[in-house]
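Encoded as structure tokens, the structure appears first; notes follow it.
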Protein chains: 2
Amino acid sequence: MSRINLSERVTIYDVAAAAGVSTATASKALNDTGRMSAETRDRIRRVARELGFRPNALARSLTRKRSFTVGLLTDDTYGRFTLPVMAGISEGLIDHGVSVFLCAVEDNPALAKVHVDAMLDKQVDGIIATGKRIDKPLPVDLSHLSVPVVYALTAAPLEAVTFVPDDRQGAQEAVDHLIAAGRTKIVHITGPGSFRVVQERASAFAETMQSAGLPVSQAAILQGTWSERWGHEAVEALWSGENHPDGIFCGNDQIARGVIDALRERTIEVPTDVSVVGFDNWEIVAEQTRPPLTTVDMNLKELGRQAGQALVRLVNGETVEQGLWKLPCMLVVRGS
Amino acid sequence: MSRINLSERVTIYDVAAAAGVSTATASKALNDTGRMSAETRDRIRRVARELGFRPNALARSLTRKRSFTVGLLTDDTYGRFTLPVMAGISEGLIDHGVSVFLCAVEDNPALAKVHVDAMLDKQVDGIIATGKRIDKPLPVDLSHLSVPVVYALTAAPLEAVTFVPDDRQGAQEAVDHLIAAGRTKIVHITGPGSFRVVQERASAFAETMQSAGLPVSQAAILQGTWSERWGHEAVEALWSGENHPDGIFCGNDQIARGVIDALRERTIEVPTDVSVVGFDNWEIVAEQTRPPLTTVDMNLKELGRQAGQALVRLVNGETVEQGLWKLPCMLVVRGS
DNA sequence: TATTTTTGAGAAACCCTTTTCTCAACGTCG
DNA sequence: CGACGTTGAGAAAAGGGTTTCTCAAAAATA
């Protein structure tokens, strides 16, 4: 009945005792459930506030069978894409009172299993898997868990709920921007063909050119590495022949940086002679080029936020349409 | 006494029933506490394994008053330094069965408070604060919490336990490397003086030069921005006068990149004519320069790991020496 | 053989909150 | 004035473990 609380932490027993009611009544007052007079409710709330009562989430989770906690699995420890996604997830979920367990698993299946088991033991309500590439899965199978799973920026089973940037739409916006600027001889300098995003952006490039009635040969798509050096080399190659392009759509910002530098070395004016558009909006690169780089932003933070909210909906028993959610990219127009 | 378990999850009641013992005995068998015959203990364990029993960490934490969970607060959502630190923390703690709550707080004090309160409600055993600069604190005061706090790569109260890279030692190794390569006219091209790391690396540069008996004027330290462009400009400035340096220690890898590019434009050979050393070991930059960049690695992952382990010690009631722990940097020798 | 000690295991309390059920008091209606 | 619906609040169980205490049986000692 009455308990003596020796620890410093204020419990609902303390609140109930101070307000002269039972813990049942106190709980109902604080959660705005049950029936009681308005005065009682207010009094309990006031007492709770004065005592600085904060419910123990562990005990609450135990009865509610909801921990308001989710797990976030990532295989990326160095990349620049994961951090904004994770930040978006964290931000989007804290609004719902949900906390996020961070689990860095590298490419280690054993480590991944340890993390997943630990999360499950801690009764997470759901799991978000995220990574560095949309065409490589995490080193653990999450498809038969007892909790819902959402994927963001990583490879996933077909029937899963997955969020990725809309590379096609982003590429299309980039090319449309070049065309709108009056460019007609446009090439695409991009990364290794083994990346899915390279395929997507390249085919969107080709399609957009065609629908604009512009010629697009296979030679207009140059695959290399994700490096400034490759941007340099590609420009060398292009300008060693005749027929120079007047617009260049680059597969990422680093390549674009190399392209712009190479053009300047050749005293070709950007954007007067040639327009350049990048991809990623990696501000540390895009804002430092001369002129500043026009590029495509993938809205990764928003992507993370949406992934988090989708998971909350699943946890609440609502349905979320399965499959690939492609979130729009946004063209950031700067000076190039 | 006997309970019927309708949910799919296996509880200790199920184990106890299947083994024909009480939950008290089952608990003791599984935790290797209490007294019982070896046969009983083995039998209970075997049954638990067969049933796939995994204890509910929530229930366990409630009685043990240890949640095996810590909070990780960061104000960095884009930087490249935080992710390895976080990964190190996560890795170092999972070995102790500890999970990590990720909280991205930007520079928002209200958001930070929400996160801290949520963590405390969830009974975290401790908190790690991490950020992007060692001279800027997080937007929340963590100094009077009921749980221990450890700081990593962020500004902290003097009496706190804090982990940062040893910038002085790193700078010293860089300069020593240049001296060992026979360089005598060495300059330091670095970032804005408002950064503490700039001060530290610069003064270590000066001291190392002096102890080697080499002249070091104030003009040998050039402060600018953390950009390739500044590396370019600095080289322009240096080579516009007489008396060119034969060794350059750069404040970060981007500056070094700019320096190397500018030198190549002037057909100055690296490392034949001039040796260049960077700082950060940002592989995406350092491995792409021509030649690949010799640079200082801050061992951020290890730093995170140590911060996590220090927190575990504090949580266990062990003492950890207060103050600034400066963890050694490591020179990565490549081609420059 | 009688007494003490050790051993093995279970009953019950506890951790903190939520939730269902019960119940007295009160007001309303016929 | 008796039957009945409301209202306000509490008792108790539940959630899944851990831990302290108790106690009978077995073993050791006298």
Side-chain angles (χ1 to χ4, degrees), chain A residues 1-17 19-45 47-48 51 53-68 97 120-123 125, chain B residues 1-45 47-48 51-68 97 120-123 125:
Chain A
M1 182 80 37
S2 76
R3 302 197 181 193
I4 300 165
N5 185 348
L6 294 177
S7 85
E8 70 288 358
R9 182 111 196 165
V10 178
T11 73
I12 203 167
Y13 289 94
D14 303 323
V15 175
V21 297
S22 71
T23 61
T25 306
S27 174
K28 282 179 281 197
L30 297 170
N31 291 304
D32 216 358
T33 58
R35 285 185 317 204
M36 73 193 64
S37 67
E39 300 97 283
T40 308
R41 206 179 282 277
D42 290 345
R43 176 163 46 88
I44 295 173
R45 286 190 172 158
V47 168
L51 260 43
F53 170 69
R54 308 223 28 133
N56 181 326
L58 259 35
R60 171 179 266 175
S61 302
L62 199 53
T63 54
R64 287 213 180 151
K65 298 193 165 298
R66 276 284 299 277
S67 65
F68 289 89
L120 261 18
D121 289 349
K122 286 178 176 152
Q123 312 294 118
D125 297 330
Chain B
M1 182 81 37
S2 75
R3 302 194 181 194
I4 300 166
N5 185 348
L6 294 177
S7 86
E8 70 288 358
R9 182 112 195 165
V10 177
T11 73
I12 202 167
Y13 290 91
D14 302 325
V15 174
V21 297
S22 70
T23 61
T25 306
S27 173
K28 283 180 280 197
L30 297 170
N31 292 304
D32 216 358
T33 59
R35 283 186 318 203
M36 74 192 63
S37 68
E39 300 95 285
T40 309
R41 204 178 284 278
D42 290 346
R43 176 164 45 90
I44 295 173
R45 287 189 173 159
V47 168
L51 260 43
F53 170 68
R54 306 223 28 133
N56 181 326
L58 259 34
R60 171 179 265 175
S61 301
L62 200 53
T63 54
R64 287 219 180 144
K65 302 195 163 295
R66 276 284 299 276
S67 65
F68 289 90
L120 261 17
D121 289 349
K122 286 178 177 151
Q123 312 294 117
D125 297 331

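Computation of the quantities below employed the complete heavy-atom set of this structure, encompassing side-chain atoms and omitting hydrogens, waters and symmetry-equivalent molecules. The chains referred to below are lettered A, B, ... by the order of the sequence lines, with proteins before strands, and numbering in each begins at 1.
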Quick check for you: to the nearest 0.5 Å, what is the distance between [X] atom [atom1] and [Y] atom [atom2]?
{"X": "A:M36", "Y": "A:R43", "atom1": "CE", "atom2": "CZ", "value": "10.0 Å"}
{"X": "A:L58", "Y": "B:K65", "atom1": "CG", "atom2": "NZ", "value": "10.0 Å"}
{"X": "A:Y13", "Y": "A:F53", "atom1": "OH", "atom2": "CZ", "value": "11.0 Å"}
{"X": "B:I44", "Y": "B:L30", "atom1": "CD1", "atom2": "CG", "value": "7.0 Å"}
{"X": "A:R41", "Y": "A:D32", "atom1": "CZ", "atom2": "CG", "value": "5.0 Å"}

Compute the angle between the rotation axes at the two ends of the helix from C:dT1-D:dA30 to C:dG30-D:dC1, each taken over five pairs, rounded to 10 degrees.
-> 60°
Closest-nucleotide 5' rank along DNA chain C - winner of B:L62 and B:G20 = B:G20
Rounding to an integer number of Å, can you tell me how far [X] [atom1] sits from [N] [atom2]?
{"X": "B:D32", "N": "D:dG17", "atom1": "CG", "atom2": "P", "result": "18 Å"}
{"X": "A:N56", "N": "C:dC16", "atom1": "CG", "atom2": "C1'", "result": "6 Å"}
{"X": "A:K65", "N": "C:dT20", "atom1": "NZ", "atom2": "P", "result": "14 Å"}
{"X": "A:K122", "N": "D:dG17", "atom1": "NZ", "atom2": "P", "result": "15 Å"}
{"X": "B:R66", "N": "C:dC16", "atom1": "CZ", "atom2": "P", "result": "16 Å"}
{"X": "B:I12", "N": "D:dT18", "atom1": "CD1", "atom2": "P", "result": "5 Å"}
{"X": "A:N31", "N": "C:dC16", "atom1": "CG", "atom2": "P", "result": "17 Å"}
{"X": "A:Q123", "N": "D:dG16", "atom1": "CD", "atom2": "P", "result": "9 Å"}

Residue B:A24, side-chain heavy atoms: nucleotide from C:dA12, D:dG16, C:dC16 that is nearest | C:dA12
Side-chain atoms of B:R64 come closest, of C:dT17, D:dG16, D:dT19, to D:dT19
Strictly below 4.0 Å: does [X] bring a side-chain N or O up to OP1 or OP2 of [N]?
{"X": "B:S27", "N": "D:dT18", "answer": "yes"}
{"X": "A:T63", "N": "C:dT18", "answer": "no"}
{"X": "B:T25", "N": "C:dG10", "answer": "yes"}
{"X": "A:K28", "N": "C:dT20", "answer": "no"}

Could you tell me whether the side chain of B:K122 and the main chain of B:S67 form a donor-acceptor pair under 3.5 Å?
-> no
Taking B:R66 for the side chain and B:D125 for the main chain, is one N or O donor matched with an acceptor at less than 3.5 Å?
-> no
Tabulated below should be each protein N or O lying under 3.5 Å from an N or O of nucleotides 4-8 of chain C; please produce it.
| from | atom 1 | to | atom 2 | distance (Å) |
| --- | --- | --- | --- | --- |
| C:dG8 | N7 | B:R35 | NH2 | 3.2 |
| C:dG8 | O6 | B:R35 | NH2 | 3.0 |

Can you tell if the side chain of B:T23 reaches within under 4.5 Å of the side chain of B:T11, non-hydrogen atoms only?
-> no
Are side-chain heavy atoms of B:R54 and A:L120 found at a separation under 4.5 Å?
-> no
Pairing of B:D14 and B:R9 as salt bridge, 4.0 angstrom limit | no
Of B:T23 and A:A59, whose closest DNA chain D nucleotide lies nearer the 5' terminus?
-> A:A59
